[in-house]
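Remarks on the structure that follows.
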Amino acid sequence: MSPTDLVARLTALVGADRVSIDPARLKEAARDLTEIRGTPPDVIVRPGEVAHVQAVLRFANAGKIPVVPVVMNTNIGGLALPSRGGILLDMTAMNRILEVHPEDLYMVIEPGVLFGQVKEHLDRNFPQTRFAYSLSPPETSVLANTLMDGLLNLSLRYGTSSTWLNGVEAVLADGTIVRTGAAGWSTTQWCTSSPMPDLTGLFVNLHGTTGIVTKASVRLQQAKRLRRRYFMMGYDVRAACALVRDFVREDICDDIGILTWPVAKMLFGELRPTWREPGEPLVMTYVDVTSNRQAEMDLRESILAEVLETSRKSGARWEGPLDVRDLIKIEPAFRKLAEFPTRLDFMLDHPGGGLSWVGTYGPTSRWEEATELSCRIMVEHGFPPIAVARPMAQGHFGVLRLIETFNRDKPEEVEAVAKLNKALVEALLPMGFIPYKTPEWVFREHGSKIDPGFREMLRRVRTALDPNGIMNPGKWPV
Amino acid sequence: MKIQFANPAQVTLLGYIFASLLRRGLADAGVAKKVAGLGRIGIEMAGLSLTADFGDSAVTLSNGRDGCRAWVGGGMEALIGVGLSGAFLGPWLGGRLQWGGNPFALLKLLAVLAAARKAG
């Protein structure tokens, strides 16, 4: 089909103002913040309602035209980059918070809803509830994060973001609408995925290859009146990992994270710190403690101090705990780490604006060796050793993320990042650290290691839901 | 008053924090005038050391502590406490803060920290 015909047909389906072939936009849609490059889509369609999504998918399915969904394109995995052109389905216009149920603790949202929007809406209208936020800018899609199993600042307590889903409404390749979770049976509530068979999983971590999610019910949590964030500066990665596991065991924190030393310097504007004086702290560890009652807060804080003291007695050296409010008074730059979502200007505002990572989920019992090995590899490749480690789901597993900033306009830097990421995955995968928001190149390099039975089952599921292979081709290839 | 690093390629976290404090404190022209030409003051925090050399129109920050006319040091918590409260007698009496050299020079440094606190 010629580009003119394609635009004419899509215009007839959704209206001219929702179809774009602006060359600059098409070109920009072939890249994201990372080193990964896609191919420009043939056309961008911006649906405003579910019927638009249905119409576009029916049309694309009939013509076997690839369809790639995107919201803000900040997934850091090239997951919304077309690999075979086709239609880029820009979901930003479907951005309504449709329902909030403070008693039943859930909200129903469209894919274009952003973290900042949710925070503002809940803080203003439903202060008795809270949602969780990722370490990302406020202009990040909640549903994209949720469907890609991202991590939030309440993930230690309640699991990664996909576990917050009560169900989704999705449009399949042939235009069929499906609702999962309680909404699959009930028209009056969507506060749970139980006791329905868990078909929501068909749309999680599959990067739009099984359907386009057009709304979802996502859990809210009870708000807490009191909240403190403390930072501790440490000098030993191993002691930091052990301390975090000790904090997790005490069950006193909503969120805990370890950030390596370059992050602190980047807060002050250093672009890519590679020099560290031997006496400087190696890691910043932060903890969030919340409660509705001062007495409980005091108890949690005293346990925190006790665990830290035990770590000191075992030989670890720590500065702190330092209340982030005090740190901000001394140095306003710490405000960027005080609350999520946060402006990541210290990681994004630099020449060429590139940001990439190898983000993994794996066993916290192997954090020490994995972090040390990863940092060594990063330094060997000439990059600052920027690592973030956070325990998830009450310590059942943890995230280990290795982050690079680079200039996307310099081919040599793009190549260096690709080479480094490859080396990191090669080192981490055998240790059980599996890349999340898994980029296409990881499958090319390591897909053969996936269990054959798993692959075959996934292939059957994909074929059943998308027989023509139009849905975000190239992602989770089977 | 200008704030500069002697070696911009090798700045410690202490250097960044202190530079930021000075930048805000010395925005007050009266305070800047008071510390102009003060000379070399040392800061030690959690094993790191820094020298702030107060000239007439610039403060130069360098790693290490050499030839200072006064110095102050302690853990990160203690120094942040001084930065927040401006009080250094309590932490000193409690053994959490150490100092040496000319106390009047250190009092002038405290005035910079107080101005930084006010500036927010």
Side-chain angles (χ1 to χ4, degrees), chain A residues 229-236 239 259-286 301 304-305 308-309 312 316-338 346 382 384 386, chain B residues 3-25 27 42-51 61-65 72-88 91 96-97 109-110 112-120:
Chain A
R229 173 167 287 187
Y230 293 102
F231 276 85
M232 288 143 283
M233 311 285 183
Y235 299 82
D236 181 350
L259 310 167
T260 51
W261 63 271
V263 178
K265 293 197 174 183
M266 289 169 83
L267 287 177
F268 293 91
E270 199 169 319
L271 281 183
R272 286 169 212 162
T274 50
W275 178 85
R276 170 183 161 269
E277 192 174 288
E280 282 191 276
L282 257 176
V283 292
M284 288 193 293
T285 300
Y286 71 85
E301 288 176 338
L304 180 84
L308 188 62
E309 199 47 40
R312 283 188 175 118
R317 189 176 150 213
W318 291 102
E319 305 294 335
L322 305 159
D323 189 322
V324 76
R325 293 170 305 175
D326 291 340
L327 283 173
I328 290 168
K329 283 180 201 155
I330 292 290
E331 176 42 63
F334 280 104
R335 189 168 285 123
K336 294 166 191 169
L337 293 180
F346 60 101
I386 306 173
Chain B
I3 292 131
Q4 60 198 18
F5 292 108
N7 184 354
Q10 297 193 341
V11 181
T12 64
L13 192 55
L14 173 62
Y16 283 124
I17 292 175
F18 200 68
S20 172
L21 279 168
L22 290 178
R23 209 165 284 128
R24 281 175 286 140
I43 297 102
E44 287 195 357
M45 182 174 79
L48 290 173
S49 54
L50 178 80
T51 297
L61 300 173
S62 53
N63 297 334
R65 178 166 75 82
V72 60
M76 205 178 268
E77 275 172 283
L79 282 174
I80 284 176
V82 171
L84 290 172
S85 64
F88 97 83
R96 286 174 285 126
L97 200 71
L109 184 66
L110 274 185
V112 180
L113 297 182
R117 208 165 51 241
K118 247 186 258 172

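Convention: sequence-line order gives letters A, B, ...; per-chain numbering from 1.
- When the candidates B:Leu113, B:Leu14, B:Val11 are compared by the number of heavy-atom contacts under 4.5 Å with chain A, B:Val11 comes out ahead.
- A:Met232 is not listed as a side-chain neighbour of B:Met76, based on a closest heavy-atom distance of 4.5 Å or more.
- Of all heavy-atom pairs between B:Leu48 and A:Gly279, the closest is CD2-C, 3.8 Å.
- When the options A:Asp326, A:Asp323, A:Leu322 are evaluated for a side-chain contact (heavy atoms from CB on, under 4.5 Å) with B:Glu77, the one that passes is A:Leu322.
- Here the closest heavy-atom approach between residue A:Trp275 and residue B:Ala9 is recorded as CB-O, 4.0 Å.
- To the nearest 0.5 Å, atoms CG (B:Leu13) and CZ (A:Arg276) are separated by 11.0 Å.
- Looking at A:Leu327, only its side chain comes within 4.5 Å of chain B, counting heavy atoms on both sides.
- Neither the backbone nor the side chain of B:Ala19 comes within less than 4.5 Å of any heavy atom of chain A.
- Interatomic distance, CG of B:Asn63 versus CD of A:Glu280, reported as 8.0 Å (0.5 Å rounding).
- Considering every non-hydrogen atom in both A:Arg317 and B:Gly47, the closest pair reads NH2-N, 4.0 Å.
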Test B:Phe18 against A:Ile330 for side-chain contact (heavy atoms from CB on, under 4.5 Å), laying out the working first.
CA-CA 9 Å; B:Phe18 200 68; A:Ile330 292 290; over 6 Å; no
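- Not one N or O on the side chain of A:Lys265 forms a donor-acceptor pair closer than 3.5 Å with the backbone of B:Tyr16.
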